[in-house]
There are 2 protein chains.
Amino acid sequence: MVRAGGDAAAAVYDLLASFVRLSPRDMSLTSIAALSTLERTGPRRITELAASEGVTQPSVTSLVAALVRVGYVERRGDPTDKRAVVVAITEAGSAYLGARRAVTAGIFADAVDQLSAEEAATLAAAVPVIERLRDLVERQRGAAQDQK
Amino acid sequence: MVRAGGDAAAAVYDLLASFVRLSPRDMSLTSIAALSTLERTGPRRITELAASEGVTQPSVTSLVAALVRVGYVERRGDPTDKRAVVVAITEAGSAYLGARRAVTAGIFADAVDQLSAEEAATLAAAVPVIERLRDLVERQRGAAQDQK
DNA sequence: GGAACTATATAGAGTGTCTATATATCTCTG
DNA sequence: CAGAGATATATAGACACTCTATATAGTTCC
């Protein structure tokens with residue numbers, strides 16, 4: 001009964017595919033997600049970022065190198081551990097995320113505008129739940145990795 | 001006010017990233033989406049599939065070749081046009097989609113179970129709206145391409 | 001002080017996407 | 001009704017991103 005997960009999974013998946021296809025493709029999904037994570041949770045190490053994005057450390061190293069090249073993040077040393085690299089989002093990075101969201105939101109807004117007021121309200125009500133779901137899912141993935 | 005698109009864009013995008021990272025990675029997102037489209041709307045030509053998935057025709061050609069190799073789709077000729085190839089999902093393809101959804105849904109169900117009853121209800125209510133939104137977005141993308 | 005561990009970097013392979021172009025077939029016009 | 005242009009798919013080659021395996025630099029702990 002509470003298992004909305006089943007229906008939601010199938011329904012949302014196709015929507016997400018549309019989402020991906022409609023979004024600007026100037027950067028990989030992983031890079032966007034990493035930028036978003038850095039913005040939401042603050043600076044992180046390469047390894048932490050790899051864990052939180054679910055990709056390997058070498059992937060993050062090259063991804064970060066690319067983001068540094070375009071100025072969206074910066075690499076800082078960790079004074080307490082000279083091996084580590086702490087990655088932080090820059091203002092340009094935040095601006096990029098904002099612009100990107102605006103573009104994507106614009107595309108979706110046109111579709112949302114065609115919903116009835118009631119449908120739109122239903123969707124709007126679900127947004128915070130979706131955000132919470134994201135956090136729950138992230139925490140769960142972290143737990144799953146710890147088991148390994 | 002009706003502009004839930006803005007918030008939804010950012011929220012859903014991050015959820016998408018989690019979704020993608022947690023899903024089985026034995027096949028590309030585009031291939032899954034194509035399979036799903038074939039299941040939902042019936043057999044389509046290579047070119048149609050390319051348009052509906054938002055990728056190029058050569059990409060679909062090779063993607064379909066891979067899906068044929070594993071038996072998830074079959075290539076049929078179009079009797080009325082010998083140039084064309086009509087792609088149809090097979091039973092194995094549907095079974096694969098079903099299994100995949102079950103896995104993904106399972107992951108999400110665990111998270112959904114941690115939501116309150118009220119939150120779960122809110123999410124469940126939004127599912128049909130999300131499905132409708134997907135259709136609106138797809139139609140819109142088609143229209144946008146026609147303009148070009 | 002050195003062995004074992006940890007953080008990041010580098011190398012090389014595999015996959016998926018793209019653009020440009022080739023081939024086969026169809027359609028329509030003079 | 002023949003040939004020109006349009007259309008459907010295939011092929012070739014390049015580029016981007018990811019992975020596994022391994023190297024290097026720094027840390028921790030006995």
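Just so we're on the same page: letters track the sequence lines, and every chain starts at 1. Note that the structure is predicted; figures quoted are calculated from it, not measured.
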Rounded to the nearest angstrom, tell me the gap between atom [atom1] in [X] and atom [atom2] in [N].
{"X": "A:I46", "N": "C:dT6", "atom1": "CD1", "atom2": "P", "value": "18 Å"}
{"X": "A:E53", "N": "D:dT18", "atom1": "CD", "atom2": "P", "value": "11 Å"}
{"X": "A:I32", "N": "D:dT18", "atom1": "CD1", "atom2": "C1'", "value": "16 Å"}
{"X": "B:L29", "N": "D:dC17", "atom1": "CG", "atom2": "C1'", "value": "15 Å"}
{"X": "B:D81", "N": "C:dT23", "atom1": "CG", "atom2": "C1'", "value": "14 Å"}
{"X": "A:R69", "N": "D:dA16", "atom1": "CZ", "atom2": "P", "value": "10 Å"}
{"X": "A:L49", "N": "D:dC17", "atom1": "CG", "atom2": "C1'", "value": "16 Å"}
{"X": "B:D26", "N": "D:dT18", "atom1": "CG", "atom2": "C1'", "value": "15 Å"}

Within the 4.0 Å heavy-atom criterion, would you say [X] contacts the bases, only the backbone, or no part of the nucleic acid?
{"X": "A:S31", "value": "nothing"}
{"X": "B:T47", "value": "sugar-phosphate"}
{"X": "A:V55", "value": "sugar-phosphate"}

Give a yes-or-no answer on whether the side chains of A:R44 and A:S52 include a donor-acceptor pair shorter than 3.5 Å. yes
Between A:Q57 and A:T61, does any side-chain donor sit less than 3.5 Å from a side-chain acceptor?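 Yes, side-chain donor-acceptor contact under 3.5 Å.
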Closest to the A:A84 side chain, choosing from C:dA7, D:dT27, C:dT17: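 Side chain of A:A84 sits closest to C:dA7.
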Winner on side-chain proximity to A:R83, out of D:dA10, C:dA9, D:dT27, is D:dT27
Where each residue is assigned the nucleotide of DNA chain D containing its nearest heavy atom, which of B:E48 and A:T80 is assigned the position nearer the 5′ end?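 Nearest-nucleotide comparison on DNA chain D picks B:E48.
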Taking the nucleotide of DNA chain D with the nearest heavy atom to each, does B:R45 or A:P58 sit closer to the 5' end? B:R45
Do A:V87 and A:L67 come close enough that some side-chain heavy atom pair is under 4.5 Å? no
B:L38 versus B:L49: any side-chain heavy-atom pair under 4.5 Å? yes
Distance test, side-chain N/O of [X] to OP1/OP2 of [N], below 4.0 Å:
{"X": "A:S59", "N": "D:dC17", "answer": "no"}
{"X": "A:T61", "N": "C:dT10", "answer": "no"}
{"X": "A:T56", "N": "D:dT18", "answer": "no"}
{"X": "A:R75", "N": "C:dA9", "answer": "yes"}
{"X": "A:S62", "N": "C:dA9", "answer": "no"}

Hey, is the side chain of B:Q57 pairing donor to acceptor with the base of D:dA10 inside 3.5 Å?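 Yes, the side chain and the base share a sub-3.5 Å donor-acceptor pair.
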For B:V64 and B:V73, which heavy atoms make the closest approach, and how far apart are they?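 B:V64 and B:V73 have their closest heavy atoms at O-CG2, 4.1 Å.
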Would you please test B:S116 and A:R132 for side chain to side chain contact (heavy atoms under 4.5 Å, CB included) and show each step? CA-CA 11 Å; B:S116 70; A:R132 196 158 120 65; 5.7 Å; no
